Number of protein chains: 2
Amino acid sequence: MGIFSKTCEYAMRAVFFIAHRTASGGRVGIKEISKGIGSPEAFLAKILQDLSRRGIVQSAKGPNGGFYFDKSSLKRPLSDIVEAVDGDGVFVGCGLGLEYCSEISPCPLHNQFKDIRNQIKDLLQKTSIGEFNEELNLGLTALRK
Amino acid sequence: MGIFSKTCEYAMRAVFFIAHRTASGGRVGIKEISKGIGSPEAFLAKILQDLSRRGIVQSAKGPNGGFYFDKSSLKRPLSDIVEAVDGDGVFVGCGLGLEYCSEISPCPLHNQFKDIRNQIKDLLQKTSIGEFNEELNLGLTALRK
DNA sequence: TTAATAAAGGATAAAAAACTCTTTTTATTT
DNA sequence: AAATAAAAAGAGTTTTTTATCCTTTATTAA
């Protein structure tokens, strides 16, 4: 398994996809998103439903409805999505899974893992949801295939 | 969840624990290991059974039996354990879970994740199983509590 | 050679994660 | 108002991960 749960991977990809579409003015339905990022449709629906309930992504029902981001949401850091889906385990936990691992009672790899986690945290915090729209436009980066 | 599976966390802790004991001359039984690292006994037995089959850890049955490391095994990098248990997903996969993410067709965070993964890889490769025995002896680091 | 000890192996169970299907609600368009 | 489109919600199912239990096999020591 990767660093994040599969659910979280889908969430991140979907969010980038929606942001990209938002930038070109519209809303996107689940069918298109799931195709665009290569995820199971019904499962992604659940994930976005949850993000929507939390106010992270916006949604509209009915014809011409779909998912989108309002302006302030586009500036959100990716860490918000990760935290909503996977919790803060990636940022704060002990690499060896020790509950009480800390500065005072560190595991053998405490400091090294701390560095790595901080780097992940920094990356996710400084990356905003709407940040890759141009690259995606230009086909410089991909969310599928 | 953390960076590694729970199984892998138990495996790493157990391996450090056994190495520590090996250094002071003996073998350790499952009961003692699982107590020492705070893991379910039967489950850890399965994990070590697997590592033993792979030749990563040595074992002996009967009275005075238990798990231990021979000299060359003590020098093994921690990455061998992680790879045996969790596969190479931590080292090589795409952060967003894209199967075909690569230099040619990168995901938006490809390069950043590559850095992080390489750091994890380096850490696990340069850390040997027997490396922390002195710290553990001195109580400077902990595997439990 | 028997009793005790300890890992190996196999089968099963429980919990969590991943995923599906159906119905309901809300909004839009005609 | 009726038809339609789309997400929300609810109620599963399947798969994977985590965990337990019990029996067998190997080793040692008395």
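When reading the values below, keep in mind they use all heavy atoms of this one structure, side chains included, and skip hydrogens, waters and symmetry mates. Sequence lines set the chain letters: A, B, ... in the order given, protein chains first and strands last, and positions in each chain run from 1. None of these values were measured; they are calculated from a predicted model.
At the heavy-atom level, B:Ile30 lies under 4.0 Å from the strands shown only through sugar-phosphate atoms. At a threshold of 4.0 angstrom between heavy atoms, the contacts of A:Val85 with the nucleic acid are absent. Within the 4.0 angstrom heavy-atom criterion, no nucleotide atom of any strand lies near B:Val57.
Alongside B:Leu140, the hydrophobic cluster contains B:Leu138 (criterion: ILVMFWY side chains under 4.5 Å). Membership of an apolar cluster is not assigned to A:Tyr68, as no side-chain contact below 4.5 Å to another ILVMFWY residue is traced.
OP1 or OP2 of D:dA8 sits under 4.0 Å from a side-chain N or O of A:Ser59. In terms of phosphate contacts, A:Ser52 brings no side-chain nitrogen or oxygen within less than 4.0 Å of OP1 or OP2 of D:dA7. One finds a side-chain N or O of A:Tyr10 lying less than 4.0 angstrom from the OP1 or OP2 phosphate oxygen of C:dC19.
Across the protein-nucleic acid pair, B:Ile37 atom CD1 and D:dA19 atom C1' stand 14 Å apart, rounded to whole Å. If you take CG of A:Leu51 and P of D:dA8, they are 10 Å apart, rounded to a whole angstrom. Counting to the nearest Å, the C1' atom of C:dA18 and the CZ atom of A:Phe4 are 18 Å from each other. What separates NZ of B:Lys35 from P of C:dA6 is a distance of 12 Å, to the nearest Å. Put simply, CD on A:Gln49 is 14 Å from C1' on C:dT26, counting in whole angstrom units. When the C1' atom of C:dA6 is taken as reference, atom CD of B:Glu32 falls 13 Å away, rounded to whole Å. If you measure from atom CG of B:Asp50 to atom C1' of D:dT18, you get 15 Å, rounded to the nearest angstrom. Between A:Lys6 atom NZ and D:dT15 atom P there is a gap of 12 Å when expressed in whole angstrom units.
With sequence neighbours left out, the side chain to side chain donor-acceptor pair (under 3.5 Å) criterion links B:Ser5 to B:Asp86. Every residue two or more places apart in sequence or in another chain that forms a side chain to side chain donor-acceptor pair (under 3.5 Å) with A:Glu32 is listed here: A:Arg21. Residues meeting the side chain to side chain donor-acceptor pair (under 3.5 Å) test with B:Arg76, sequence neighbours left out: B:Asp80. Residues satisfying the side chain to side chain donor-acceptor pair (under 3.5 Å) test with A:Asn137, not counting sequence neighbours, are A:His20. Under the side chain to side chain contact (heavy atoms under 4.5 Å, CB included) criterion, A:Ser128 pairs with A:Glu131, not counting sequence neighbours.
The local environment of CD in B:Gln125 is crowded, with over 12 non-hydrogen atoms from other residues, nucleotides or ligands closer than 6.0 Å.
For the pairing with B:Phe16, the side-chain contact (heavy atoms from CB on, under 4.5 Å) check across B:Asn133, B:Thr141, B:Leu78, B:Ile37 returns one residue only, B:Leu78.
Near DNA chain C, meaning a heavy atom under 4.0 Å from it, residues 14-26 of chain B has no residue at all.
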For every nucleotide of nucleotides 20-30 of chain D, 5' to 3': is a protein heavy atom under 4.0 Å from its base (B), only from its sugar-phosphate (S), or from neither (-)?
BB---BBBBS-
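When each of A:Gly65 and A:Thr7 is assigned the nucleotide of DNA chain C bearing its nearest heavy atom, the one mapping closer to the 5' terminus is A:Thr7.
Under a 4.0 Å N-O distance rule, the pair A:Asp50/A:Lys46 does not qualify as a salt bridge.
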